[in-house]
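Letters A, B, ... mirror the listed sequences (proteins, then strands); counts begin at 1.
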Amino acid sequence: MLDQVINIAAVTVLGVLEQAYFSLQVIYARRKYSVSPPSTTGPPEFERVFRAQVNCSEYFPIFICTLWVTGVFFSQAAASVCGLLYLYGRLMYFRGYSESAHSRLAPLYFSAKVLWLLIGLSCLGVLNSMCQLYLGLDVLQQLSSF
Amino acid sequence: MLDQVINIAAVTVLGVLEQAYFSLQVIYARRKYSVSPPSTTGPPEFERVFRAQVNCSEYFPIFICTLWVTGVFFSQAAASVCGLLYLYGRLMYFRGYSESAHSRLAPLYFSAKVLWLLIGLSCLGVLNSMCQLYLGLDVLQQLSSF
Amino acid sequence: MLDQVINIAAVTVLGVLEQAYFSLQVIYARRKYSVSPPSTTGPPEFERVFRAQVNCSEYFPIFICTLWVTGVFFSQAAASVCGLLYLYGRLMYFRGYSESAHSRLAPLYFSAKVLWLLIGLSCLGVLNSMCQLYLGLDVLQQLSSF
Ligand SMILES: N[C@@H](CCC(=O)N[C@@H](CS)C(=O)NCC(=O)O)C(=O)O
Ligand SMILES: N[C@@H](CCC(=O)N[C@@H](CS)C(=O)NCC(=O)O)C(=O)O
Ligand SMILES: N[C@@H](CCC(=O)N[C@@H](CS)C(=O)NCC(=O)O)C(=O)O
């Protein structure tokens, strides 16, 4: 049973480490630019690092949900590969955004595409399982037998 | 095994799609009102759309946790119905808040009520499972036999 | 099967209740200091309560992920105990931050340590399961037999 989720669990832990890294970067930026809590405004350099972490945190739960639904209902391999690509895209997003607002765009589009793929695969997996359960029809199986 | 969570997985994917929709609305609002990142302040019209998405994102992990705990430990049917109502309430909240701060209130109360129901059911489900496991007592079973 | 996650499910519900409590505190603070949405700025007293809730919300998904991965792949007992300590630390953080920015620091360090412990244990659990599955090696088992 656990074999079927071990790789997505590993990607989850990697994602957690990435979020922890982003938080640490905000803490360093707070020191560097002397922005003491509860303030969240300061020089643009600080605000970009700050917003980069907020944006990644906002998408993290969505990412985890689609990662697991895809992994369980579609394919663990597909979910893990997409998951690694997404985490890589987010690292690039964070680094790009820290440099300039414009440099965040390319990795943003990349990670958004991967996330849409994960959303699409999780829809497919869930719809297929519903067809199997309620209609007795295994659509994905039949498609792959062509 | 997967049959017992397929409906809550479907509600989860629906919730993810809703969050993606909210994010897209913020991106459109940023364009419409010319609020470039990392800024998050602008005309009240922008700020309301922005805050609506932030507020929904904040509650999303809480929602997912109670959805799954209720679905697994109490009843999948109850969890799915509450889940759909919650997502509907959040859509109304987002639309209302986008129009005026006051219009967010009615759907906020509605979605808060549904969330409290989910929290209550997940407490019930977990407590019942604990009683079963540690005391050998199936409270829900006995209640429903009256 | 469910017996192996019942305690972490209970800690999850407790975490949800804590987050709901933090949200209610922000609503009360909004009334007390007359900070109407969509505004998020006001007297420092309000901003500290506001930021305390935002910070706890940001870490909540990370906490839930490590709680469950540790509970499933390492040990449910260890995960539940760390989970309770983390939630206690976050309550102290919220109360401390509400009083002064400085009072948030001690509980922040405490909850960060517990979170790092959870991250470490989830890494260990996942790595051990991977070794077992891909190399046929149960490292934790062998370590504990010394
Ligand atoms: N969002 C956080 C990320 C980093 C973090 O967790 N910082 C700690 C130590 S400076 C904190 O207590 N932040 C206060 C806050 O988020 O308001 C921040 O803005 O600081
Ligand atoms: N919270 C986001 C939601 C939408 C989003 O993901 N926007 C992208 C493209 S404009 C972004 O990089 N936002 C920058 C940011 O969140 O600071 C926002 O405020 O923009
Ligand atoms: N982050 C929320 C936490 C509490 C909450 O959910 N408040 C409700 C009722 S005042 C709301 O609609 N807040 C508007 C907002 O978050 O912008 C806040 O700042 O108010």
Side-chain angles (χ1 to χ4, degrees), chain B residues 1 4-5 40-74 93 96-98 100-105 108-109 112 115-116 118-134, chain C residues 1-28 30-31 34-42 47 49-69 71-72 76-77 80 83-84 87 90:
Chain B
M1 203 8 248
Q4 290 169 292
V5 294
T40 57
T41 48
E45 289 76 21
F46 169 76
E47 295 199 353
R48 286 201 310 271
V49 174
F50 175 77
R51 286 299 310 170
Q53 186 256 351
V54 170
N55 195 284
C56 294
S57 299
E58 221 168 76
Y59 283 87
F60 186 69
I62 299 181
F63 165 63
I64 293 294
C65 286
T66 53
L67 176 73
W68 281 81
V69 173
T70 301
V72 170
F73 291 95
F74 184 81
Y93 175 83
Y97 205 171
S98 303
S100 75
H102 185 261
S103 316
R104 88 182 190 290
L105 288 177
L108 177 74
Y109 296 144
L115 193 57
W116 278 113
L118 271 173
I119 295 178
L121 295 181
S122 60
C123 283
L124 260 181
V126 164
L127 285 179
N128 187 53
S129 288
M130 288 186 130
C131 284
Q132 245 173 296
L133 181 63
Y134 297 121
Chain C
M1 201 13 242
L2 290 186
D3 302 357
Q4 289 168 293
V5 293
I6 176 71
N7 293 334
I8 42 180
V11 175
T12 301
V13 173
L14 222 64
V16 165
L17 286 170
E18 190 175 80
Q19 286 298 121
Y21 167 76
F22 294 160
S23 285
L24 289 174
Q25 296 309 105
V26 176
I27 296 179
Y28 298 148
R30 279 189 179 282
R31 287 203 198 130
S34 312
V35 181
S36 307
S39 176
T40 58
T41 48
E47 295 200 352
V49 174
F50 175 76
R51 286 300 308 170
Q53 187 256 349
V54 170
N55 195 284
C56 294
S57 299
E58 220 169 77
Y59 283 87
F60 186 70
I62 300 181
F63 164 63
I64 293 294
C65 287
T66 53
L67 176 73
W68 281 81
V69 173
V72 170
Q76 188 182 198
S80 319
L84 290 175
L87 293 179
R90 277 294 168 173

A.B. asks: Please name the pair of heavy atoms, one in Pro38(C) and one in Tyr97(B), separated by the smallest distance, quoted to 0.1 Å.
C.D. replies: CA-OH, 3.2 Å

A.B. asks: Kindly compute the distance separating CD1 (Ile6(C)) from CD (Gln132(B)), expressed to the nearest 0.5 Å.
C.D. replies: 9.0 Å

A.B. asks: Please classify the contact between Leu133(B) and chain C as side chain, backbone, both or neither, with a heavy-atom cut-off of under 4.5 Å.
C.D. replies: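 It is the side chain, since no backbone atom gets that close.
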
A.B. asks: Which atoms of Ser36(C) are under 4.5 Å from chain B, going by heavy atoms: the side chain, the backbone, both sets, or neither?
C.D. replies: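 Contact with chain B is absent: no heavy atom of Ser36(C) under 4.5 Å.
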
A.B. asks: For Phe63(B), is it the side chain, the backbone, both, or neither that has a heavy atom closer than 4.5 Å to a heavy atom of chain C?
C.D. replies: neither

A.B. asks: For Ile8(C), is it the side chain, the backbone, both, or neither that has a heavy atom closer than 4.5 Å to a heavy atom of chain B?
C.D. replies: neither

A.B. asks: Counting only non-hydrogen atoms closer than 4.5 Å, can you tell me which residues of residues 51-61 of chain B sit against chain C?
C.D. replies: Arg51(B), Glu58(B), Tyr59(B), Pro61(B)

A.B. asks: Identify which part of Ile64(C) has an atom lying under 4.5 Å from any heavy atom of chain B, answering side chain, backbone, both or neither.
C.D. replies: side chain

A.B. asks: Of the backbone (N, CA, C, O) and the side chain (C-beta and beyond), which part of Leu17(C) lies under 4.5 Å from a heavy atom of chain B, both, or neither?
C.D. replies: side chain

A.B. asks: Could you check Thr66(B) against Val13(C) for side chain to side chain contact (heavy atoms under 4.5 Å, CB included), going step by step and ending with a plain yes or no?
C.D. replies: CA-CA 7 Å; Thr66(B) 53; Val13(C) 173; over 6 Å; no

A.B. asks: Could you tell me which portion of Trp116(B) (side chain, backbone, both or neither) has an atom closer than 4.5 angstrom to a non-hydrogen atom of chain C?
C.D. replies: side chain

